[in-house]
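If you're wondering where the values come from, they're calculated on a predicted model, not measured in any experiment.
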Amino acid sequence: ILFISNKHNPDESWIVLQKNMLLQRVAGVLFAPKSFGEYRALASNIGAVPITRITECFPDLDAHMLVEFLSQLKLCHLVDSTLKIVDTSQTLPDLTRDSAGGGYSLFFPSLINLARPDSFDPASFNTKGSFGWLMRTKEEYQFFHNRFLHALMLTLMKGCGGTEIMCNPELRSLNRQCVVWSTGICWNTADGVTILVDVVEQFRSLYVA
């Protein structure tokens, strides 16, 4: 059983009686491999799935409940049409349209289909006078699981506050924007410091610079 509080109208909160069954149903569509019959091309290459596409797949489920359900399980962030993370703790937006006139989406790091930009290769960061640290698995057959990386990316992005997600490193500003790819994330702090987090060495090491 999972209780999902409606912060803006507690009388309309939700109780999910069979959390695992609901998760299995939703994940079976969102994360199905292309070879599976359940597969649907929902996400962009940056991992954003429009809310309208999700509601089409699950017309019997309340959209706000589904957003809160997936967010509580730390699978995604709600973003607007400019790919800016939405803070739902202050206001519950109209999911059909945002202030920019577009629609909201759910951002899933696990659905990103982008390779690391050459400019963010850890080797090039080392040559720029930066410093960092490397966390490596102890055993040869130990790896950093994708789930760990995706949860880490969501946590880092939430900590930045108001981060805008970018896929083109040339479009970054000096503040509040980040570049993501399938194995990592890079962003600039308010002080203009560039931070890179990437899983390298075939998922055996976590590099932070």
Side-chain angles (χ1 to χ4, degrees), residues 2 4 6 14 16 19-89 91-117 145-168 171 177-187 199:
L2 176 66
I4 303 176
N6 186 329
W14 304 275
V16 181
K19 179 184 70 173
N20 291 338
M21 288 187 62
L22 177 59
L23 178 61
Q24 183 177 13
R25 177 189 173 191
V26 176
V29 173
L30 292 175
F31 307 124
K34 290 184 178 181
S35 58
F36 282 42
E38 294 83 359
Y39 172 77
R40 302 188 189 185
L42 299 175
S44 65
N45 61 353
I46 201 173
V49 181
I51 295 292
T52 53
R53 297 299 307 278
I54 293 178
T55 54
E56 289 174 3
C57 295
F58 309 103
D60 58 320
L61 298 178
D62 182 272
H64 285 100
M65 183 280 294
L66 198 52
V67 168
E68 291 296 323
F69 175 72
L70 293 171
S71 299
Q72 278 198 26
L73 295 181
K74 301 187 183 305
L75 294 173
C76 61
H77 282 318
L78 179 67
V79 296
D80 63 19
S81 58
T82 65
L83 295 180
K84 185 175 181 179
I85 296 175
V86 178
D87 182 8
T88 58
S89 64
T91 180
L92 197 61
D94 177 4
L95 295 178
T96 61
R97 188 169 298 276
D98 64 19
S99 58
Y104 289 94
S105 298
L106 291 179
F107 166 71
F108 295 88
S110 53
L111 296 180
I112 296 174
N113 186 26
L114 293 169
R116 181 205 306 120
H145 196 274
N146 279 334
R147 184 73 182 96
F148 164 80
L149 171 63
H150 301 154
L152 179 63
M153 290 175 66
L154 287 172
T155 301
L156 292 173
M157 296 171 72
K158 193 71 172 181
C160 293
T163 300
E164 292 181 43
I165 307 163
M166 309 293 291
C167 57
N168 186 344
L171 298 179
Q177 291 184 338
C178 65
V179 178
V180 295
W181 54 95
S182 60
T183 61
I185 179 175
C186 184
W187 75 95
V199 173

Do other residues, nucleotides or ligands put more than 12 heavy atoms under 6.0 Å from Phe36 CZ?
-> no
Output the distance between atom CG (Leu22) and atom CG (Leu70), rounded to the nearest 0.5 Å.
-> 8.0 Å
Shortest non-hydrogen contact from Trp181 toward Leu114 | CB-O, 3.5 Å
Hey, are the side chains of Val29 and Phe58 touching, using non-hydrogen atoms and a 4.5 Å cut-off?
-> yes
Got Phe69 and Leu23 here, is their nearest side-chain heavy-atom distance under 4.5 Å?
-> yes
Side-chain heavy-atom pair Ser110, Leu75 within 4.5 angstrom cut-off = no
The reported gap from CG in Leu83 to OG in Ser44 (rounded to nearest 0.5 angstrom) is 7.0 Å
Closest non-hydrogen atom pair between Met153 and Gly184, with its separation | CE-O, 3.4 Å
Can you find a pair of side-chain heavy atoms, one from Leu61 and one from Arg25, that are under 4.5 Å apart?
-> yes
Could you grab the distance from atom OG1 of Thr183 to atom NE2 of His150, nearest 0.5 Å is fine?
-> 9.0 Å
Measure the spacing between CE of Met65 and CD of Glu68 and express it to the nearest 0.5 Å.
-> 10.5 Å
Atom of Pro50, atom of Ala48 and distance for their closest heavy-atom approach = CD-O, 3.8 Å
For Ile112 and Ser182, work out which heavy atoms get closest and say how close.
-> CG2-N, 3.6 Å
4.5 Å side-chain heavy-atom contact, Ile85 and Phe107 = no
For residues 44-57, which residue pairs qualify under salt bridge (Lys or Arg N to Asp or Glu O under 4.0 Å), counting only residues two or more places apart or in two chains?
-> Arg53-Glu56
Do Val67 and Ile54 have side-chain heavy atoms sitting under 4.5 Å apart?
-> no
Leu78 and Ile51: which non-hydrogen atoms are nearest, and at how many Å?
-> CD1-CD1, 4.2 Å
Compare all side-chain heavy atoms of Phe31 with those of Phe108 and state whether any distance is below 4.5 angstrom.
-> yes
